[in-house]
Trainee: 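Handing you this structure, nothing more for now.
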Amino acid sequence: MIPIITMQGIEKTYGSGNTEVRALDGVDFAIYPGEFVAVMGPSGSGKSTCMNIVGCLDVPTAGEYRFCGLDIARFQMDQLALLRRNYLGFVFQSFNLIPRTSALENVELPLVYKGVPRKERRDRALKALADVGLAERADHTPAELSGGQQQRVAIARALVTNPTLLLADEPTGNLDTSTTEDVINLLKRLNEKRGITVVMVTHEPEVAQHAKRVLWFVDGKLQKDGTPEEVLR
């Protein structure tokens, strides 16, 4: 089985000389289809930099990153944009919904960029909302939804393009305990029932416990890689 993500000797530096900061320092790992991986570490550990490289939002200074076997270093900027649009789904801590548009229109947006016909994108968006339990809220704007409902809309938007990989950056960071549990259970269900590969950055051990695997970063290095029980004990 070909890994979705292969990182070999990944380095990322910012600045030079006395101001050089090494955000990633020789990182190696692979993530396979169907995994649910939590990325953790203290502030400044490199976990967000790693997520940005995985999501093709940044490029490494050195090393090799392969997505589904393809060498990302060979991609031009427009090709990276197409890869993100067609193969990656993003979920952010701040939801990033458009305030004055309905949940349905927010979910449709990635399909608009892909040029999907109006009826098809409406049907697909309604199905995505139904998948996250919000079909009855399709006409509501973000202001009319709770934080948990807004995050579920954001997850539906990420899923509507049928991505190969779902990247979630602190998806429960703005949610209370009860709503956090709802969102994590949704991600688990999508992973276990639909086989969607999930990579999630989190600083909460209680959230990471729900993943199948944890990558623990310290000072730009991958220090631990194992089950939650192994890494978080």
Side-chain angles (χ1 to χ4, degrees), residues 2-32 35-96 154 158 163-174 197-205 207-208 211-228 230-233:
I2 297 176
I4 290 180
I5 297 165
T6 306
M7 296 271 193
Q8 293 182 323
I10 293 294
E11 298 180 8
K12 182 65 182 181
T13 58
Y14 298 98
S16 60
N18 294 333
T19 63
E20 181 179 286
V21 174
R22 184 161 295 209
L24 293 176
D25 188 6
V27 172
D28 299 282
F29 66 84
I31 294 175
Y32 288 84
E35 288 201 272
F36 186 168
V37 180
V39 180
M40 299 191 72
S43 178
S45 64
K47 60 184 185 294
S48 294
T49 300
C50 182
M51 180 69 103
N52 286 339
I53 291 174
V54 168
C56 298
L57 299 170
D58 201 353
V59 295
T61 306
E64 183 178 81
Y65 171 33
R66 289 184 174 271
F67 182 84
C68 294
L70 300 174
D71 185 358
I72 294 303
R74 298 177 180 274
F75 282 47
Q76 301 297 319
M77 295 302 293
D78 58 340
Q79 292 174 312
L80 289 174
L82 285 172
L83 188 151
R84 289 193 299 269
R85 186 184 302 170
N86 293 309
Y87 296 97
L88 302 177
F90 294 89
V91 179
F92 301 98
Q93 177 178 349
S94 56
F95 317 141
N96 288 3
T164 301
L165 177 66
L166 181 65
L167 299 173
D169 191 358
E170 298 281 6
T172 61
N174 287 336
T197 306
V198 179
V199 178
M200 171 183 68
V201 170
T202 182
H203 66 277
E204 302 173 83
V207 170
K212 298 173 182 175
R213 178 181 170 198
V214 177
L215 305 179
W216 184 275
F217 284 80
V218 176
D219 295 332
K221 296 180 182 291
L222 179 57
Q223 189 178 76
K224 299 178 184 179
D225 178 356
T227 66
E230 293 168 338
V231 174
L232 301 176
R233 63 186 174 188

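Residues take their numbers from the sequence shown, with the count starting at 1. Every value quoted in this text rests on a predicted model; they were computed, and no experiment measured them.
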Trainee: Test N96 against F90 for side chain to side chain contact (heavy atoms under 4.5 Å, CB included), laying out the working first.
Mentor: CA-CA 10 Å; N96 288 3; F90 294 89; over 6 Å; no

Trainee: Quick one: pull up NZ in K12 and CG in D58 and give me the separation to the nearest 0.5 Å.
Mentor: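 K12 atom NZ to D58 atom CG measures 4.0 Å (nearest 0.5 Å).
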
Trainee: Answer yes or no: does atom CG of D219 have more than 12 heavy-atom neighbours from other residues, nucleotides or ligands under 6.0 Å?
Mentor: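 Atom CG in D219 is not crowded, with 12 or fewer foreign heavy atoms closer than 6.0 Å.
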
Trainee: Identify the heavy atoms of T164 and C68 that sit nearest to each other, and give their distance.
Mentor: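 Closest approach of T164 to C68, heavy atoms only: CG2-SG, 4.2 Å.
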
Trainee: What I'd like to find out is whether the side chain of L24 reaches to under 4.5 Å of the side chain of M7, using heavy atoms alone.
Mentor: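 No; the side chains remain at least 4.5 Å from each other.
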
Trainee: So which heavy atom on S45 is nearest to which on F217, and how close?
Mentor: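 Heavy atoms only, the tightest pair is CB-O, 3.2 Å.
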
Trainee: Taking the side chain as every heavy atom from C-beta outward, state whether K224 and V214 have any pair of such atoms under 4.5 Å apart.
Mentor: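 No, side chains not in contact.
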
Trainee: Show the nearest heavy-atom pair for residues R213 and A30, with the distance to one decimal.
Mentor: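 Looking at all heavy atoms of both residues, the closest pair is NH1-O, 2.8 Å.
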
Trainee: Look up atom CE in M200 and atom OG1 in T172, then write down how far apart they are to the nearest 0.5 Å.
Mentor: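 M200 atom CE to T172 atom OG1 measures 7.0 Å (nearest 0.5 Å).
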
Trainee: Side-chain contact, heavy-atom cut-off 4.5 Å: I5 with F29?
Mentor: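 They are in contact (side-chain heavy atoms under 4.5 Å apart), so the answer is yes.
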
Trainee: Show, in sequence, the C-alpha distance, side-chain angles and deciding distance for R84 and L57, and conclude whether the side chain to side chain contact (heavy atoms under 4.5 Å, CB included) test is met.
Mentor: CA-CA 9 Å; R84 289 193 299 269; L57 299 170; 3.7 Å; yes

Trainee: Is there a side-chain contact between Y14 and T61 (heavy atoms, below 4.5 Å)?
Mentor: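 Y14 vs T61: side chains apart.
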
Trainee: Counting C-beta onward and ignoring hydrogens, is there a side-chain heavy-atom pair between L70 and L83 closer than 4.5 Å?
Mentor: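 L70 vs L83: side chains apart.
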
Trainee: Which value, rounded to the nearest 0.5 Å, describes the distance between E170 atom CD and S48 atom OG?
Mentor: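 The CD atom of E170 sits 7.0 Å away from the OG atom of S48.
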
Trainee: Minimum heavy-atom separation for A154 to F95, with atom names?
Mentor: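 Here A154 and F95 meet closest at CB-O, 3.8 Å.
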
Trainee: Counting only heavy atoms not in L82, do more than 12 fall under 6.0 Å of its CG?
Mentor: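 Enclosed.
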
Trainee: Between M40 and T202, is the side chain to side chain contact (heavy atoms under 4.5 Å, CB included) condition met? List the steps.
Mentor: CA-CA 6 Å; M40 299 191 72; T202 182; 4.1 Å; yes

Trainee: Could you tell me whether a side-chain N or O of K47 sits under 3.5 Å from a main-chain N or O of W216, the two making a donor and an acceptor?
Mentor: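 Between the backbone of W216 and the side chain of K47 there is no qualifying donor-acceptor contact (under 3.5 Å).
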
Trainee: Within the structure provided, determine whether E11 and R22 are in side-chain contact (heavy-atom separation under 4.5 Å).
Mentor: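 Of all side-chain heavy-atom pairs linking R22 with E11, at least one is under 4.5 Å.
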
Trainee: Would you name the heavy atoms of V27 and G220 that are closest together and state the gap between them?
Mentor: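 Closest pair (atom of V27, atom of G220, distance): CG2-O, 3.5 Å.
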
Trainee: Taking all non-hydrogen atoms of both residues, which atom of A23 and which atom of T49 are closest, and how far apart?
Mentor: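 For A23 and T49, the tightest heavy-atom pair comes out as CB-OG1, 3.7 Å.
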
Trainee: Side chain to side chain contact (heavy atoms under 4.5 Å, CB included) with V198: which of V91, L166, L165, I31?
Mentor: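 So the option named by the test is L166.
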
Trainee: With heavy-atom distances below 4.5 Å as the criterion, would you say the side chains of L222 and D28 are in contact?
Mentor: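 Contact flag for L222/D28 side chains = no.
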
Trainee: Name the orientation class of the two ring planes belonging to Y65 and F67 (parallel below 30°, tilted from 30 to 60°, perpendicular beyond 60°).
Mentor: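 The arrangement is perpendicular - the two ring planes meet at more than 60°.
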
Trainee: Would you sort out whether C56 and Y87 count as a side chain to side chain contact (heavy atoms under 4.5 Å, CB included), showing the intermediate values?
Mentor: CA-CA 11 Å; C56 298; Y87 296 97; over 6 Å; no

Trainee: Any donor and acceptor pair, going by atom type alone, linking the side chain of D169 with main-chain N or O of V201 inside 3.5 Å?
Mentor: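 No; zero donor-acceptor contacts below 3.5 Å.
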
